[in-house]
Number of protein chains: 2
Amino acid sequence: MEEQMFTIKQAAEQTGISEDTIRFYEKIMLLPRAERKKNGHRVYRKEDIYRIKLISCLKKTGMPLEAMRPFLAASADTASTEYPELVDQLKSHRENIMNQVSSLQQIVDFIDIRLAEGRPQKEYSDQIQDEVLEEHKEKEIIKPISVVELSYFSAYTKMDK
Amino acid sequence: MEEQMFTIKQAAEQTGISEDTIRFYEKIMLLPRAERKKNGHRVYRKEDIYRIKLISCLKKTGMPLEAMRPFLAASADTASTEYPELVDQLKSHRENIMNQVSSLQQIVDFIDIRLAEGRPQKEYSDQIQDEVLEEHKEKEIIKPISVVELSYFSAYTKMDK
DNA sequence: ATACAACTTGGAGCCGACTCCAAGTCAAAC
DNA sequence: GTTTGACTTGGAGTCGGCTCCAAGTTGTAT
């Protein structure tokens, strides 16, 4: 079986990242310079698609493009989790993400409280809400949740154009 | 007990949102025009602080400012979850957030795989990773996680300045 | 009275992340 | 052979979200 190759258009389709954006990522060297066919057209293969998907996923977590660089390094086929520095970065990212999940959970709490109220019943709900947005340092937790698919941002970003 | 009032500086301290940004939010009417003292200085009270905290929390979930408006409406003391339209928006936001959590979980999965490898063992890990970024529509799940505090973005945004 | 701090305003500027454009190349289809 | 379509390039423009600035006001401390 020969390795299959993709055009930038196919890469865009598969990853949900626009052609322009893929070129942009190459321009800022978030992606390595793609191989070119004789006519200069970019060629992508499986692992390039994977890398773009990874960027897309990181993007959805709100990570700035610049912050992705070390992260993507850990993904490169070459030198992997051999470097303790990378491992530390990964761990720190993991923590950040867990904290972000907490923020999200606070919003879900907020929504659930709102939804649970047939009526506000002001005094009562105000109290609870105040607590919802207070710092919850004491509580530890955060057990793994399951995996579904992306889309929070896309719900907004796919609107334009 | 008289209601306590806060200056913009205190509001900023309590919410972690800069004075400039609070003024900016008022300018774009994400916050109602704050009351002024005789000298024109802004005055904030408990519920204003709460609203700013809510914005801050929504911001951490990556929600664009414009998307917050209907959300904040649901938070206003007046008309609450009486309007079915608002309820729908809340529910839809809740879904978005759950999806975002899924994205985050994918990244955590990715990190955990990386961390778990003493060595990459290429063939093997490539396989797993491909799966991690594929669509996981089948799996349902998502049980509530606990509440801690924010900070993913802050980890980056607090760097500047 | 004068200096300082804490605010006010409108507007300009900045940065990240695209997004679009014009001009050009190339290959296949008619 | 010329038109069509999928690409290439560099660079300009856009948009969201701040962030900074200058000029002005007020209140307190010396």
Side-chain angles (χ1 to χ4, degrees), chain A residues 5-44 48 52 54-69 71-72 152-161, chain B residues 5-44 48 52 54-69 71-72 152-161:
Chain A
M5 313 283 227
F6 306 98
T7 66
I8 193 167
K9 185 172 197 175
Q10 293 171 319
E13 274 160 12
Q14 282 186 57
T15 61
I17 299 295
S18 78
E19 302 176 38
D20 254 335
T21 303
I22 292 175
R23 285 189 208 101
F24 171 72
Y25 287 164
E26 182 178 316
K27 190 159 20 179
I28 64 170
M29 297 197 308
L30 203 61
L31 291 173
R33 178 172 168 83
E35 259 180 83
R36 309 294 153 118
K37 286 195 272 196
K38 290 209 177 125
N39 60 13
H41 290 196
R42 289 169 176 81
V43 191
Y44 297 91
D48 301 314
I52 299 171
L54 178 56
I55 291 174
S56 163
C57 198
L58 290 170
K59 202 163 69 104
K60 281 177 195 129
T61 72
M63 189 184 290
L65 301 185
E66 284 313 307
M68 291 180 191
R69 295 183 191 283
F71 211 94
L72 290 166
Y152 187 78
F153 289 84
S154 22
Y156 298 105
T157 53
K158 276 179 185 162
M159 274 187 192
D160 26 312
K161 164 167 237 186
Chain B
M5 312 284 227
F6 306 98
T7 67
I8 193 167
K9 185 174 199 172
Q10 292 171 318
E13 275 160 11
Q14 283 185 57
T15 61
I17 299 294
S18 79
E19 300 176 38
D20 255 334
T21 303
I22 292 175
R23 285 189 208 101
F24 171 73
Y25 287 164
E26 183 178 316
K27 192 160 17 179
I28 64 171
M29 298 197 306
L30 202 61
L31 291 173
R33 178 174 168 82
E35 259 179 84
R36 310 292 153 121
K37 286 194 273 198
K38 290 204 177 130
N39 60 13
H41 289 196
R42 289 169 176 80
V43 191
Y44 297 91
D48 301 313
I52 298 170
L54 178 56
I55 291 174
S56 163
C57 201
L58 290 170
K59 202 164 69 105
K60 282 179 195 127
T61 73
M63 188 183 292
L65 301 184
E66 284 313 307
M68 292 181 191
R69 294 184 193 283
F71 210 94
L72 290 166
Y152 188 77
F153 290 83
S154 21
Y156 300 103
T157 53
K158 275 179 185 162
M159 274 187 191
D160 28 310
K161 165 166 235 184

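Note that the structure is predicted; figures quoted are calculated from it, not measured. The sequence lines fix the lettering, A, B, ..., with proteins before strands; numbering per chain opens at 1.
The nearest whole Å value for the distance from the CD atom in B:Q10 to the C1' atom in C:dA6 is 12 Å. The nearest whole Å value for the distance from the CD1 atom in B:I52 to the C1' atom in D:dG17 is 16 Å. Protein atom CG of B:L65 is 12 Å distant from nucleotide atom P of D:dT19, rounded to whole Å. Counting to the nearest Å, the P atom of C:dC18 and the CD1 atom of A:I17 are 7 Å from each other. When the C1' atom of D:dT8 is taken as reference, atom CD1 of A:I8 falls 10 Å away, rounded to whole Å. C:dT8 atom P lies 12 Å from atom NZ of B:K9, rounded to whole Å. The separation between B:E35 atom CD and C:dT8 atom P is 13 Å, rounded to whole Å. For B:E66 and D:dG17, the CD to P distance is 7 Å, given to the nearest whole Å.
For the salt bridge (Lys or Arg N to Asp or Glu O under 4.0 Å) test, residues two or more places apart in sequence or in another chain that qualify with B:R69 are B:E66. Residues satisfying the side-chain contact (heavy atoms from CB on, under 4.5 Å) criterion with B:F24, sequence neighbours excluded, are B:I28, B:L65. In terms of the side-chain contact (heavy atoms from CB on, under 4.5 Å) criterion, A:K38 has no residue partners (sequence neighbours excluded). With sequence neighbours excluded, no residue satisfies side chain to side chain donor-acceptor pair (under 3.5 Å) with B:Q10.
The side chain of B:T7 approaches C:dC7 more closely than any other nucleotide in the set C:dT8, C:dC7, D:dC18. In the set D:dT19, D:dT9, D:dC7, D:dC7 carries the atom at the smallest distance from any side-chain atom of A:E19.
Listed by residue number, the members of residues 20-29 of chain A with any heavy atom below 4.0 angstrom from DNA chain D are A:R23, A:K27.
Note that CG of A:D48 and CD of A:E26 are 10.0 Å apart. Values are rounded to the nearest 0.5 Å. Distance CD/B:Q14 to CD1/B:I52: 9.0 Å, rounded to 0.5 Å. Here B:L30 contributes atom CG and B:I22 contributes atom CD1; the two are 11.5 Å apart, rounded to the nearest 0.5 Å. Atom CD of B:E13 and atom CD1 of B:I8 lie 11.5 Å apart (nearest 0.5 Å).
One finds a side-chain N or O of A:R42 lying less than 4.0 angstrom from the OP1 or OP2 phosphate oxygen of D:dT8.
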One character per nucleotide, please: for nucleotides 24-30 of chain D, 5' to 3', B when the base has a protein heavy atom closer than 4.0 Å, S when only the sugar-phosphate does, - otherwise. --SS---
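A salt bridge links B:E19 with B:R23: at least one charged nitrogen is closer than 4.0 Å to a carboxylate oxygen.
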